[in-house]
Amino acid sequence: GISWQASHDVRVEDCKITGVASLGLHPGSGSQRPVMRGNTIRDCQIGLYWCWGVEGGLAEGNTISDCSKYGISIGHRDTGNAIKNNQISNCGDAGIFFRPERSPAHTAHRNLVEGNKISCPPGKKKSRGIQLCRGVEDVMLRKNHIRIQSSQRAKALVIPASAKRIVSELTRIEEISSTA
């Protein structure tokens, strides 16, 4: 897809990325303040992959679908980023995934996840809406809408007990039938 490393203030807007074997958008290691807005990303392994130490970034208004693993993956010391108003659907493992790193200190901290609409694929028992990992700190989850099978409701929003200072407010979980 589109990848950049240790580059600051990169803007990727209104692009179409389809059929990439690996990563659709990849703000790379050490990149500061990337803006990814209004993109359409389909048929990738991971739609948007925040790499190591990305800070002050914005992913807003993107449409991400049919990714075999994750719609959005964020992890290794990615700090102070905003994931807002994205449409994420039919991603195999999770709509938004906070990666477990080698230690809790290396996970993604102080990030905002707001106004996203996530639709988990019917029939995929593994699929989760938003999955946080152990040790994540200071994450705000606000006004997200997650559609998931009734039988999988517990996987709509997964927050481990070891996560610290997580605020989840006004999250809407809509249960759908497996045939929807």
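- Atom CZ of Arg42 and atom SG of Cys67 lie 9.5 Å apart (nearest 0.5 Å).
- The ring-ring contact (aromatic ring centres under 6.0 Å, His included) test applied to His109 returns no partner, not counting sequence neighbours.
- Remark: Arg128 is not positioned above the aromatic ring of Tyr70, lacking an NZ or CZ atom under 6.0 angstrom from the ring centre and at most 45 degrees off the axis.
- Judged by distance alone, the side chain of Thr79 and the main-chain N or O of Arg77 form a donor-acceptor pair under 3.5 Å.
- In this structure, the side chains of Asn81 and Leu112 stay at 4.5 Å or more apart for every pair of heavy atoms.
- Under the 4.5 Å side-chain heavy-atom criterion for ILVMFWY residues, a single connected hydrophobic cluster contains both Val113 and Leu48.
- Judged as a ring-ring contact (aromatic ring centres under 6.0 Å, His included), and not counting sequence neighbours, Trp4 has no contacts.
- At least one side-chain heavy atom of Met36 sits under 4.5 Å from a side-chain heavy atom of Pro27.
- A continuous path of Ile, Leu, Val, Met, Phe, Trp and Tyr side chains, each step under 4.5 Å between heavy atoms, connects Val139 with Val54, placing both in one hydrophobic cluster.
- For the pair Asn86 (side chain) and Asn62 (backbone), a donor-acceptor distance under 3.5 Å is present.
- Looking at Gln131, its side chain never comes within 3.5 Å of a backbone N or O of Phe97 through a donor-acceptor pair.
- In this view, Asn144 and Asn116 satisfy the side-chain hydrogen bond (donor to acceptor under 3.5 Å, both in side chains) rule, not counting sequence neighbours.
- Judged by distance alone, with hydrogens and angles left aside, the side-chain atoms of Arg99 form a donor-acceptor pair with the main-chain N or O of Ser73 at under 3.5 Å.
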Under 3.5 Å, side-chain donor or acceptor atoms of residues 8-18 against the rest of the protein: list the pairs with distances, not counting sequence neighbours.
residue : atom : partner : partner atom : Å
His8    : ND1  : Gln32   : N            : 3.2
Asp9    : OD1  : Arg33   : NE           : 2.7
Asp9    : OD2  : Arg33   : NH2          : 3.1
Arg11   : NH2  : Glu13   : OE2          : 3.0
Glu13   : OE2  : Arg37   : NH1          : 3.1

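- Here the options are Gln87, Lys117, Glu174, the test is side-chain hydrogen bond (donor to acceptor under 3.5 Å, both in side chains), and the partner is His145; only Glu174 passes.
- No continuous path of ILVMFWY side-chain contacts below 4.5 Å connects Ile83 to Ile46, so the two sit in separate hydrophobic clusters.
- Cluster membership check: Leu23 does not share its hydrophobic cluster with Ile74, using side-chain heavy-atom separations under 4.5 Å among Ile, Leu, Val, Met, Phe, Trp and Tyr.
- In this structure, His76 and Trp52 have parallel ring planes: the angle between them is below the 30° cut-off, well short of the 60° mark.
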task: Could you please spell out the steps behind the side chain to side chain contact (heavy atoms under 4.5 Å, CB included) verdict for Ile72 and Ile88?
output: CA-CA 8 Å; Ile72 295 176; Ile88 304 167; 3.8 Å; yes

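- Residues Leu132 and Met140 fall into different hydrophobic clusters, defined by Ile, Leu, Val, Met, Phe, Trp and Tyr side chains chained together at heavy-atom separations under 4.5 Å.
- The side-chain hydrogen bond (donor to acceptor under 3.5 Å, both in side chains) check on Ser127 picks up nothing, with sequence neighbours excluded.
- A heavy-atom distance below 4.5 Å is not found between the side chains of Pro34 and Leu58.
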Could you list the donor-acceptor pairs under 3.5 angstrom formed between side-chain atoms of residues 158-173 and any protein atom two or more places apart in sequence or on another chain?
residue : atom : partner : partner atom : Å
Ser162  : OG   : Gly135  : N            : 3.3
Arg165  : NE   : Asp138  : OD1          : 2.7
Arg165  : NH2  : Glu137  : OE1          : 3.1
Arg165  : NH2  : Asp138  : OD2          : 3.2
Ser168  : OG   : Thr171  : OG1          : 3.3
Glu169  : OE2  : Arg142  : NE           : 3.1

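- Between atom OG of residue Ser29 and atom CD of residue Gln5 there is a gap of 5.0 Å, rounded to the nearest 0.5 Å.
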